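Here the structure comes first, spelled out in C-alpha cells, and everything after it is commentary.
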2 protein chains.
Amino acid sequence: MFKQFGIGAPSEFFTQPPSVGVSIARSGQLDELVALEQLGSRRSFARDAEIYAEGDRADCWFKIVSGTVRICKLMADGRRHIAEFFHAGDCFGLDGEGERTFAAEAVGDVIVMRFNRAATERLIDERPVLARCMCNMMLRNLAHAQTRLLLLGRMTAPERVASFLLELAERRDVRRVLEVPMSRNDIADYLGLTIETVCRVLSAMKRDGTIAIPNPHRIEICDRDALEATVEM
Amino acid sequence: MFKQFGIGAPSEFFTQPPSVGVSIARSGQLDELVALEQLGSRRSFARDAEIYAEGDRADCWFKIVSGTVRICKLMADGRRHIAEFFHAGDCFGLDGEGERTFAAEAVGDVIVMRFNRAATERLIDERPVLARCMCNMMLRNLAHAQTRLLLLGRMTAPERVASFLLELAERRDVRRVLEVPMSRNDIADYLGLTIETVCRVLSAMKRDGTIAIPNPHRIEICDRDALEATVEM
DNA sequence: CGCCAGTTTGACCAAGATCAACGCAAGTGG
DNA sequence: CCACTTGCGTTGATCTTGGTCAAACTGGCG
C-alpha cells in the first residue's frame with residue numbers, strides 16, 4: 001500500500017478524525033500515532049531553507065510541528081509558482097515515489113517530523129486502516145486543488161485576495177486576527193498575481209474598512225461579509 | 001475502503017497497470033474487471049446533456065466507454081470553469097460521498113458505464129488490492145491538478161494553448177493529428193482564457209506553421225519542437 | 001437558398017504587469 | 001548612539017496582454 005501518494009495534506013493526518021463522516025479507526029488511531037512518533041525524527045529548518053528540492057528522491061515525508069512550509073516550483077525564466085502552503089499539523093511530501101516535482105521550503109523557521117517512506121509503508125501494511133486516512137487526505141488535497149483551479153482560472157485579483165484571507169482564517173480557525181507568516185511575494189506567487197497587485201488590493205481593502213493591517217504580517221478582518229461578498233461564487 | 005474519492009481519473013482504472021512501477025494485481029485484475037462489468041449499467045448521453053449536476057448526491061461513479069466528458073462549474077455571474085476533461089477509458093465522479101461540487105456534462109455524444117458506489121465499496125472490501133488502484137488514480141489526478149495550477153497561475157495564453165495541444169496529443173498517444181472534440185468555448189474555460197484569445201493564438205500558430213487546422217475539430221501538429229519550446233518550463 | 005451555431009478577425013478597452021521611486025523597520029558597523 | 005545598509009512593503013506612472021464588443025465568415029441543414 002501507499003507506494004506513491006499526494007502532494008501533501010492540508011489537514012491533521014493521524015491526529016484527528018476526517019472531517020466528513022466515516023468514523024475511522026476510533027480505537028487504533030492512538031497506537032498508530034505512537035508507532036509513528038518512533039519512526040520519525042525531528043528536524044528544524046531556518047527561514048527560506050530548502051526542505052527538499054525539485055528532483056530529489058521522494059523517500060520520505062513530513063509532518064509540520066510548527067511553522068509554515070511552501071510547496072513551489074521555479075520556471076526556467078524565473079517565474080515562480082507556489083502550489084500550496086502547509087501549516088502546523090499538516091503533512092506534506094507524500095508525492096510520487098520517484099522524483100519530487102516541486103520543492104518544499106521553510107517560510108519562517110520550521111520544525112518538522114521526518115518519516116521514512118519505507119518504514120511507513122510497512123506500518124501501513126500491518127494496519128490497513130491507515131490507508132483509509134491516506135485516501136481521505138488525498139481527497140482533501142484534491143478538493144482543495146480544484147478550488148484553487150477555479151480561483152486561478154476565473155477569479156479577479158480582489159476575489160483571489162479575499163479568498164486567500166478567508167482560507168487563512170478558516171485554516172487557523174480564527175474569525176478576526178490573522179497571522180500572515182508568508183511574504184507578499186509568496187502570496188503573489190500563490191495567487192498568480194504580482195506583489196504590487198497584492199499590495200494594491202490589500203491597501204484598497206484597508207481604505208474601505210474591510211480589513212486592518214497593523215503590520216505586514218498581521219491582518220485583521222473587520223468586515224467579513226464584505227470579504228465573502230467579494231468572492232461570491 | 002473508498003468512502004470518498006477523487007474528482008476523477010485521467011487514466012485507465014482497472015484495465016491497465018499504473019504508469020509508474022508498482023506492478024499491481026497482475027493476476028487478479030481481470031477477475032475484478034469482470035465483477036465490475038456486472039455491477040455497472042450502460043448509459044448514453046447526448047451532446048451537452050448533464051450526466052450529474054452540482055449538488056447531486058454522489059452515489060455513483062462512471063467509466064467512459066466512448067466520447068468526452070467535461071467536469072465544470074458555473075459561477076454566480078455566469079463565468080464558467082472547466083476543471084477537467086475525461087476521455088474514453090477514464091473514470092470520473094468518484095468525488096466525496098456527499099454532494100457533487102462540480103457538474104459533469106457530455107461534450108459530444110457519450111456512452112458510459114455507471115457504477116453504484118455502495119456495490120463497488122463492497123467489492124473493494126473483498127479485494128483490497130483494488131484500493132491501491134484507487135490511490136494511484138487519485139495520485140495521478142492530483143499530479144495533473146498541480147500541473148494545471150501552474151498553467152493557470154503563471155502561464156501566458158500561447159503557453160496555455162501549447163500545453164493543451166501537447167496534453168491532448170499525449171493522452172491520445174498520437175504524434176500529429178489531433179481530434180479536438182470540445183468547442184473553442186470549452187477550451188477557453190479549461191485554460192482560463194476567452195474564446196477569442198484561444199482563436200487568435202491558434203490562428204497565430206497556424207500562420208507560422210506550427211500547426212494546421214483542416215477544420216475546427218481537427219488540429220495537426222506540424223512543428224512539435226516549436227510547441228514544446230513555447231511551453232518550456 | 002437562407003438560417004443557425006460555432007468560429008474567426010478586427011478595433012478598442014481595462015485589469016493587471018512592469019518599471020521606478022519611496023517608505024520604513026531591523027540590523028550593522030564605526 | 002547614530003549614519004548606513006538591506007530587505008520588504010507600498011505607491012505611482014506607464015505599458016501590455018488578454019478581455020470586450022462587434023462584425024464577418026463557414027459549414028451544415030431544413
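Note that the structure is predicted; figures quoted are calculated from it, not measured. Numbers restart at 1 for each chain; the letters A, B, ... are given by sequence-line order, proteins then strands.
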Polar atom pairs between nucleotides 18-23 of chain D and protein, under 3.5 Å, N or O only, would you list them?
| from | atom 1 | to | atom 2 | distance (Å) |
| --- | --- | --- | --- | --- |
| D:dG18 | OP1 | B:Ala157 | N | 2.8 |
| D:dG19 | OP2 | B:Thr194 | N | 3.3 |
| D:dG19 | OP2 | B:Thr194 | OG1 | 3.1 |
| D:dG19 | OP2 | B:Thr197 | OG1 | 2.4 |
| D:dT20 | O4 | B:Arg200 | NH2 | 2.7 |
| D:dC21 | N4 | B:Glu196 | OE2 | 2.9 |

Can you label the angle between the A:Tyr190 ring and the A:Phe164 ring as parallel, tilted or perpendicular, going by 30° and 60°?
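Geometry flag for A:Phe164 against A:Tyr190: perpendicular rings.
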Send over the distance from [X] [atom1] to [N] [atom2], rounded to a whole Å.
| X | N | atom1 | atom2 | value |
| --- | --- | --- | --- | --- |
| B:Asn185 | C:dT7 | CG | P | 7 Å |
| A:Arg218 | D:dG9 | CZ | C1' | 17 Å |
| B:Met182 | C:dG6 | CE | P | 15 Å |
| A:Asp77 | C:dT18 | CG | C1' | 15 Å |
| A:Leu202 | D:dG9 | CG | C1' | 11 Å |
| A:Ile187 | D:dG9 | CD1 | P | 8 Å |
| A:Ile213 | C:dG23 | CD1 | C1' | 15 Å |

For A:Arg160 and A:Leu152, which heavy atoms make the closest approach, and how far apart are they?
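So the two residues come closest at NH2-O, 3.2 Å.
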Heavy atoms only: give me the nearest A:Ser44-A:Ile111 pair and the separation to one decimal.
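Reported closest heavy-atom pair: CB-CG1, 4.0 Å.
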Identified salt bridge (Lys or Arg N to Asp or Glu O under 4.0 Å) partner of B:Asp90 from the options B:Arg140, B:Arg172, B:Lys63, B:Arg171
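Running salt bridge (Lys or Arg N to Asp or Glu O under 4.0 Å) over B:Arg140, B:Arg172, B:Lys63, B:Arg171 with B:Asp90 returns exactly one hit, B:Arg171.
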Could you list the protein-to-nucleotides 6-8 of chain D atom pairs, N/O on both sides, closer than 3.5 Å?
| from | atom 1 | to | atom 2 | distance (Å) |
| --- | --- | --- | --- | --- |
| D:dC8 | OP1 | A:Arg47 | NH2 | 2.7 |

Indicate whether any N or O donor in one side chain lies under 3.5 Å from an N or O acceptor in the other, for B:Ser183 and B:Asn185.
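Absent: no donor and acceptor within the cut-off.
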Expected rows: protein N/O vs nucleotides 26-30 of chain D N/O, under 3.5 Å:
none

Taking [Y]'s backbone N and O only, do any of them form a donor-acceptor pair with [X]'s side chain (distance below 3.5 Å, no angle check)?
| X | Y | result |
| --- | --- | --- |
| A:Arg70 | A:Phe86 | no |
| A:Thr210 | A:Lys206 | no |
| B:Lys73 | B:Thr101 | yes |
| A:Arg148 | A:Ala83 | yes |
| A:Arg100 | A:Gly93 | yes |

Got A:Met113 and A:Val65 here, is their nearest side-chain heavy-atom distance under 4.5 Å?
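Side chain of A:Met113 against side chain of A:Val65, heavy atoms only: contact under 4.5 Å found.
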